[in-house]
Amino acid sequence: MKLTQLLLDLIDLRSFSNLWYWIALAVTWSTASHWVLGIPFDMVIRARRQGGAAMEDLMALARINTNRIQFIVREAGTVLAALAACVHTMLALLGFWYGVEFCQAVFLLLFPITIVGIFTARTARRIRDEAGDGEQLCHRLHWHRILVQAIGVLTITVTATWGMLVNFNVSPLG
């Protein structure tokens, strides 16, 4: 077997039958639900239980990250929205209109993460505007995490269903 054939078999563009795609999907949603606004969720739990210095650290990190997110939205939000719309449209057309499986897989991974990014920007703005106490911050981060997890569960379900349909429709003879 040639080295190029081995590499092409390893980098199979039939995404829904590729184990690496499903690993990437799981890692993406696991990471997205653990890092809420760039804050590890175990830090939120520790701040809620212990208070004091842990809560001060959480509030400082939340302030830094919300200011950072709001700066990005303010300075590059329009460009990022236009770029995201272009990329999502291209992937959706190539994937679902022209039947390119790789584009379908990337769209099903990228589009929901973009929705989470929009909710993250909205939550960052609300945290900045409210400027409440630490318990209110923990509550807001907790609900944002639940929203991210709900989007992740829905996305994994839709992607798994679509992937099964695609794999059922592929001929075993190639």
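Start at 1 with the first residue, then count along the sequence.
When side chains are defined from C-beta on, T89 counts as touching L93, because their heavy atoms get closer than 4.5 Å. N67 is listed as a side-chain neighbour of R128, based on a closest heavy-atom distance under 4.5 Å. The shortest distance between side-chain heavy atoms of T155 and L108 does not fall below 4.5 Å. Contact of the T159 side chain with the L109 side chain is not registered, since no non-hydrogen atoms from C-beta on lie closer than 4.5 Å. Counting heavy atoms from C-beta on, the side chains of L147 and V116 never come closer than 4.5 Å. Using a 4.5 Å cut-off on side-chain heavy atoms (C-beta onward), V44 and I39 make contact.
To the nearest 0.5 angstrom, L61 atom CG is 5.0 Å from M43 atom CE. The CG atom of N18 lies 8.5 Å from the CD1 atom of I23; values are rounded to the nearest 0.5 Å. In this structure, I72 CD1 and L80 CG are separated by 8.0 Å, a value rounded to the nearest 0.5 Å. Between atom CD1 of residue I127 and atom CE of residue M59 there is a gap of 11.0 Å, rounded to the nearest 0.5 Å. Between I151 atom CD1 and I146 atom CD1 the span is 12.5 Å, to the nearest 0.5 Å. The CD atom of Q136 sits 10.5 Å away from atom CZ of R126, with the distance rounded to the nearest 0.5 Å.
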Exercise. Taking it one step at a time, do V148 and V36 satisfy side chain to side chain contact (heavy atoms under 4.5 Å, CB included)?
Worked result: CA-CA 9 Å; V148 170; V36 181; over 6 Å; no
Exercise. Would I156 and W29 satisfy side chain to side chain contact (heavy atoms under 4.5 Å, CB included), going step by step from the backbone distance to the final call?
Worked result: CA-CA 9 Å; I156 290 170; W29 286 107; 4.1 Å; yes
Exercise. Where do M90 and C103 land on the side chain to side chain contact (heavy atoms under 4.5 Å, CB included) test, with the steps shown first?
Worked result: CA-CA 9 Å; M90 178 192 66; C103 291; over 6 Å; no
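In terms of heavy atoms, R46 sits closest to A54 at O-CB, 4.1 Å. The minimum heavy-atom distance linking A124 with L37 is given by the pair CA-CD2, 3.9 Å.
Aromatic ring pairs are classed by plane angle as parallel below 30°, tilted from 30° to 60° and perpendicular above 60°; the pair F107 and F111 is parallel.
The backbone N or O of A121 lies less than 3.5 Å from a partner atom in the side chain of Q70, making a donor-acceptor pair. At distances below 3.5 Å, at least one donor-acceptor pair connects side-chain atoms of W22 with backbone N or O atoms of F16. Judged purely by atom type and a 3.5 angstrom limit, Y21 uses its side chain to pair as donor or acceptor with the backbone of A105. S30 places no side-chain N or O within donor-acceptor distance of the main-chain N or O of A26, the cut-off being under 3.5 Å.
Among pairs with a residue in residues 103-125, those fulfilling side-chain hydrogen bond (donor to acceptor under 3.5 Å, both in side chains) read H88-T114, Q104-W162, T120-H144, T123-H144, at least two apart in sequence or across chains. Legend: salt bridge (charged side-chain N to carboxylate O under 4.0 Å, His left out) pairs involving residues 53-70, not counting sequence neighbours: none detected. Pairs passing the salt bridge (charged side-chain N to carboxylate O under 4.0 Å, His left out) check and including a residue from residues 135-158, sequence neighbours excluded, read R48-E135, E130-R140.
No continuous path of hydrophobic side-chain contacts links I69 to I113 [ILVMFWY only; heavy atoms under 4.5 Å]. Both L19 and V27 belong to a common hydrophobic cluster when Ile, Leu, Val, Met, Phe, Trp and Tyr are linked at side-chain heavy-atom distances under 4.5 angstrom. Taking hydrophobic clusters as Ile, Leu, Val, Met, Phe, Trp and Tyr residues chained together by side-chain heavy-atom distances below 4.5 Å, V106 shares a cluster with I115. Under the 4.5 Å side-chain heavy-atom criterion for grouping Ile, Leu, Val, Met, Phe, Trp and Tyr, L154 is not connected to I118 through any hydrophobic cluster.
The 12-atom threshold is exceeded at CZ of F41, counting heavy atoms of other residues, nucleotides or ligands nearer than 6.0 Å. Within a 6.0 Å radius of CZ in F96, more than 12 heavy atoms belonging to other residues, nucleotides or ligands are found. With a 6.0 Å radius and a threshold of 12 heavy atoms from other residues, nucleotides or ligands, R49 has its CZ atom at or below the threshold.
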